[in-house]
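Reminder, nothing fancy here: chain letters follow the sequence lines and each chain counts from 1. Being a predicted model, the structure only gives us computed values, none of them experimental.
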Protein chains: 2
Amino acid sequence: MGKEIVGMDDGQAVEIFKALSNQTRVRILQMLREPAVYFSPQIHITKEDGFDGGVCVSDIRSKTGISQSTTSQYLSILQQSGLVEMKRIGQWTYYRRNEETIKQFERYIGSHL
Amino acid sequence: MGKEIVGMDDGQAVEIFKALSNQTRVRILQMLREPAVYFSPQIHITKEDGFDGGVCVSDIRSKTGISQSTTSQYLSILQQSGLVEMKRIGQWTYYRRNEETIKQFERYIGSHL
DNA sequence: TTTAGATATCGATATTTCTCGATATATGAA
DNA sequence: TTCATATATCGAGAAATATCGATATCTAAA
């Protein structure tokens, strides 16, 4: 059961399963697919930041109904699993999907599950 | 975010993520892909039972290194999530993959994640 | 019907996760 | 520097999960 073609091993996949074993975290990942639909424009991000699609923590919080600290921790869990990436810009931290990891995860599901 | 084409909603997907957020349970599902490779022949299953690919609990246990009770519970978790189906035949309970659910789950990942 | 084997369930303890409010840290503005 | 805002981290209690051994149940065989 090699990981060569998939780019992901069982251990990382299990970490992703854990990250997704919570409805709110799944919902966050889904909303980040279409930031323009679910969030107001991130006016402090510029083209030069190179972080298109990123959404700040407080905007995510306002859509989830959970506390600020929980939102921060959920995003950290998603990030540690590799599903999202983050960038601090000024006083905001932006999160966006890591499509590369998500693709690898899809391939893992398709070929190793 | 309709489930019409996918056949699976967010709630069921989260239950599957929970079931898979454990290395041993993932491993069981993987081994059940190729029963002939990972298990000895299930000599008590006949063609008429209509449960090809099923493996009995004790054979699964002997490959996992966990206790009998934990094996039974893990299989129950996998079954309740829909990933496997079971059939009692005589004194044995056989488990095999539910490929239909797994396909739906793959489609969910591909289109809803 | 008694016995033996296969599996499920129960009860318990240890660990992990959930979720919050409080507090700390970082950054930009005044 | 001081203040305000954004985010992260800490500490805690409640709930859920992991995992076991012991016991119960179910089935086939004797």
#### Entry: Nearest-nucleotide 5' precedence on DNA chain C, A:Thr70 against B:Met86
B:Met86
### Task
For atom NZ of B:Lys87, decide whether the heavy atoms of other residues, nucleotides or ligands shown that lie under 6.0 angstrom number more than 12.
yes
#### Entry: Close residues, residues 40-57 of chain B, relative to DNA chain C [heavy-atom separation under 4.0 Å]
B:Cys56, B:Val57
### Query
Looking at DNA chain C, which of residues 58-69 of chain A put a heavy atom within less than 4.0 Å of it?
A:Ile66, A:Ser67, A:Ser69
## Note on the structure
Here the pair of heavy atoms bringing A:Gly53 nearest to A:Pro35 is O-CG, 3.6 Å
### Task
Can you sort out the partners of B:Asp52 under salt bridge (Lys or Arg N to Asp or Glu O under 4.0 Å), two or more places apart, ordered by chain and number?
B:Lys47
#### Entry: Listed partners of B:Glu99 passing salt bridge (Lys or Arg N to Asp or Glu O under 4.0 Å), at least two apart
B:Arg97
### Message
What's B:Ser72 touching, base or sugar-phosphate or nothing? Going by heavy atoms closer than 4.0 Å.
### Response
base
### Query
B:Tyr95 near the nucleic acid: base, sugar-phosphate alone, or nothing, with a heavy-atom cut-off under 4.0 Å?
sugar-phosphate
### Contact state string [nucleotides 25-30 of chain D, B base, S sugar-phosphate only, - no protein heavy atom under 4.0 Å]
--BS--
### Summary
With sugar-phosphate taken as primed atoms, P, OP1 and OP2 and all else as base, the protein-contact string of nucleotides 11-17 of chain D at under 4.0 Å (heavy atoms; B, S, -) is -------
### Summary
Footprint ends on DNA chain C, 5' to 3', for atoms under 4.0 angstrom from a heavy atom of chain B, come out as C:dG5 to C:dT9
### Query
Say you draw a straight line from CZ of A:Phe39 to CE of A:Met31; how long is it, rounded to the nearest 0.5 Å?
4.0 Å
### Task
Hey, could you give me the CD/CD1 distance between A:Gln23 and A:Ile28, rounded to the nearest 0.5 Å?
11.5 Å
### Query
In terms of the angle between their ring planes, are A:Tyr108 and A:His112 parallel, tilted or perpendicular, with boundaries placed at 30° and 60°?
parallel
### Query
Is there a side-chain contact between A:Thr101 and A:Met8, using heavy atoms and a 4.5 Å cut-off?
yes
### Query
With side chains defined as the heavy atoms from C-beta onward, is the minimum distance between A:Leu83 and A:Leu20 less than 4.5 Å?
yes
### Summary
Taken in chain and number order and not counting sequence neighbours, the residues that satisfy side chain to side chain donor-acceptor pair (under 3.5 Å) with A:Gln73 are none
### Message
Tell me which pairs pass salt bridge (Lys or Arg N to Asp or Glu O under 4.0 Å) where either residue lies in residues 11-20 of chain B, with sequence neighbours left out.
### Response
B:Glu15-B:Lys18
#### Entry: Exercise: do B:Asp49 and B:Thr46 side chains pair donor with acceptor under 3.5 Å
yes
### Message
From CD1 of A:Ile77 over to P of D:dT7, roughly how many Å is that when rounded to an integer?
### Response
18 Å
### Task
List for me each residue that meets side-chain contact (heavy atoms from CB on, under 4.5 Å) alongside A:Asn22, sequence neighbours excluded, and say none if there are none.
A:Thr24, A:Arg25, A:Tyr74
#### Entry: Residues forming a ring pair (Phe, Tyr, Trp, His ring centres under 6.0 Å) with A:Phe105, sequence neighbours excluded
A:Phe17
### Task
Share the residues that join B:Ile43 in a hydrophobic cluster, the rule being Ile, Leu, Val, Met, Phe, Trp or Tyr side chains under 4.5 Å apart at the heavy-atom level.
none
